[in-house]
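The structure under discussion appears below in the form of structure tokens.
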Amino acid sequence: MKKLRKSDMERLAKIRLLILDVDGVLTDGRLYYGANGEELKVFNTLDGHGIKMLMDSGVEVAIISGRSSKALARRAKDLGIERLVMGASDKADAYRALLKSARLTPAAVASIGDDVVDLPILLHCGFSAAVPGASAEVISRVDFVTTHHGGNGAVREFCEVIMRGQKTYRTAIERLLE
């Protein structure tokens, strides 16, 4: 994992909300269609546990996705994610609405994405990340690039980065070991 600078740690300490993209971040970006037209998504359990650990540490998690999916709605419910925006044709509008409803400033938000449609959020939040397979336009503009790929632990890694910046990671691990 990339060593974080002191200024990164200071910005991470202010994070109160993590906004996730879905396709290419929570999933590997591939779309699966069944014989009857149903859409299937594959989610990583490591990412799920990272999300739960982050939420248990006091950071809320939200999802903004350009696509709508019953599978995503189910995953969000299973993880206890209440702020779910699907079918967001304009992620900037969805982001502004989410900030307003959460009563947060951009400095209190972290986000992870993979494509240029995520840039309106990534460029206007307190700490941004991308997955290694992200668009070059995205990678060149974010604060952190995960070592894990989307759908394969990238979200877990970023959750741990936030928790380390907030000095809550050790406590979370110790709580598990009790």
Side-chain angles (χ1 to χ4, degrees), residues 1-5 8-9 11-30 41-67 69 72 75-76 79-86 88 91-92 94-96 98-99 102 104-166 168-169:
M1 183 183 304
K2 172 188 162 190
K3 184 160 174 60
L4 297 170
R5 299 180 307 258
D8 293 333
M9 299 296 275
R11 289 173 35 220
L12 287 165
K14 298 175 185 175
I15 300 303
R16 297 295 165 255
L17 174 68
L18 169 60
I19 298 175
L20 304 171
D21 177 43
V22 179
D23 296 323
V25 175
L26 269 176
T27 73
D28 65 8
R30 296 184 287 176
K41 292 190 180 289
V42 177
F43 299 99
N44 187 303
T45 58
L46 289 174
D47 289 338
H49 190 72
I51 289 167
K52 286 184 174 190
M53 286 179 14
L54 184 65
M55 291 191 311
D56 287 346
S57 78
V59 175
E60 188 176 4
V61 176
I63 295 172
I64 297 178
S65 178
R67 299 174 51 81
S69 160
L72 174 58
R75 184 64 172 152
L79 293 172
I81 297 172
E82 296 177 6
R83 296 186 191 271
L84 171 62
V85 180
M86 294 192 294
K91 288 194 175 187
Y95 176 57
R96 284 190 290 272
L98 188 58
L99 281 178
L104 293 172
T105 64
V109 177
S111 185
I112 181 169
D114 70 322
D115 208 348
V116 293
V117 297
D118 302 315
L119 285 173
I121 299 172
L122 296 170
L123 295 178
H124 298 98
C125 68
F127 200 85
S128 60
V131 296
S135 158
E137 292 294 328
V138 172
I139 287 178
S140 68
R141 289 175 165 84
V142 296
D143 300 305
F144 183 81
V145 177
T146 63
T147 57
H148 293 84
H149 288 268
N152 290 297
V155 170
R156 168 65 170 267
E157 181 180 345
F158 193 43
C159 288
E160 289 181 8
V161 164
I162 294 168
M163 292 176 73
R164 288 178 195 280
Q166 298 189 347
T168 57
Y169 181 74

| Heavy-atom donor-acceptor pair, Tyr169 side chain to Cys159 backbone, under 3.5 Å | no
| query | When rounded to the nearest 0.5 angstrom, what is the spacing between NZ in Lys91 and OG in Ser65? | reply | 6.0 Å
| said: Using only atom types and a distance under 3.5 Å, with no angle test, would you say the side chain of Asp28 pairs donor to acceptor with the backbone of Gly150? | reply: no
| query | Once the angle between the rings of Phe144 and Phe127 is folded into 0 to 90°, is it parallel (under 30°), tilted (30 to 60°) or perpendicular (over 60°)? | reply | tilted
| query | Looking only at heavy atoms, which two atoms of Ala94 and Val85 are closest? And how far apart? | reply | CB-CG1, 4.0 Å
| query | Pick one: which of Asp143, Ile112, Val142 meets side chain to side chain contact (heavy atoms under 4.5 Å, CB included) with Leu122? | reply | Val142
| query | Between Asp23 and Lys41, is there a side-chain N and carboxylate O pair less than 4.0 Å apart? | reply | yes
| Which pair of non-hydrogen atoms, one from Val25 and one from Val155, has the smallest distance, and what is that distance? | CG1-CG2, 3.7 Å
| Gap between atom CE of Met163 and atom OG of Ser57 - 0.5 Å precision | 4.5 Å
| Between the main-chain N or O of Arg5 and the side-chain N or O of Asp8, is there a donor-acceptor pair closer than 3.5 Å? | yes
| field | For Gly113 against Val138, the heavy-atom pair lying closest together | value | O-CG1, 4.3 Å
| message | Determine whether a donor-acceptor pair (N or O, by modelled atom type, separation under 3.5 Å) exists between the side chain of Ser111 and the backbone of Ile19. | response | yes
| field | Euclidean distance, Arg75 CZ relative to Ile63 CD1, rounded to 0.5 Å | value | 9.0 Å
| message | Under the criterion side-chain contact (heavy atoms from CB on, under 4.5 Å), I'd like the reasoning laid out for Leu99 against Val109: C-alpha separation, chi angles, the key distance, then a yes or no. | response | CA-CA 9 Å; Leu99 281 178; Val109 177; 3.4 Å; yes
| Straight-line distance of Tyr95 OH to Ile64 CD1, nearest 0.5 Å | 8.5 Å
| What distance do Leu4 atom CG and Arg11 atom CZ have between them, rounded to the nearest 0.5 Å? | 10.0 Å
| said: Contact between Leu79 and Val61 at the side-chain level, heavy atoms closer than 4.5 Å - yes or no? | reply: no
| query | Do Asp21 and Leu26 come close enough that some side-chain heavy atom pair is under 4.5 Å? | reply | no
| field | pair Met55-Ile81: side-chain heavy atoms closer than 4.5 Å | value | yes
| message | On a heavy-atom basis, which atom in Arg156 and which in Leu46 lie closest, and how many Å separate them? | response | NH1-O, 3.2 Å
| said: I'd like to know whether Leu123 forms a side-chain contact (heavy atoms from CB on, under 4.5 Å) with Arg141, so could you lay out the CA-CA distance, the side-chain angles of the two residues, the decisive distance to 0.1 Å, and finally the verdict. | reply: CA-CA 7 Å; Leu123 295 178; Arg141 289 175 165 84; 3.8 Å; yes
| message | To the closest 0.5 Å, what do you measure between CG (Leu18) and CD1 (Ile51)? | response | 7.5 Å
| request: Using modelled atom types only, decide if a donor and an acceptor are shared between the side chain of Glu157 and the backbone of Thr147 within a distance under 3.5 Å. | output: yes
| field | Considering all heavy atoms, the nearest Val59-Ile15 contact | value | CG2-O, 3.7 Å
| Nearest heavy atoms of Val131 and Thr146, plus distance in Å | CA-OG1, 3.5 Å
| query | Around Arg67, counting heavy atoms of other residues, nucleotides and ligands shown, do more than 12 lie under 6.0 Å from its CZ? | reply | yes
| query | Would Ile162 and Glu160 satisfy side-chain contact (heavy atoms from CB on, under 4.5 Å), going step by step from the backbone distance to the final call? | reply | CA-CA 5 Å; Ile162 294 168; Glu160 289 181 8; over 6 Å; no
| task | Spell out, as yes or no, whether a donor-acceptor pair under 3.5 Å connects the side chain of Asp118 to the backbone of Asp114. | result | yes
| Electrostatic pair Arg16:Glu60 at N-O distance under 4.0 angstrom | no
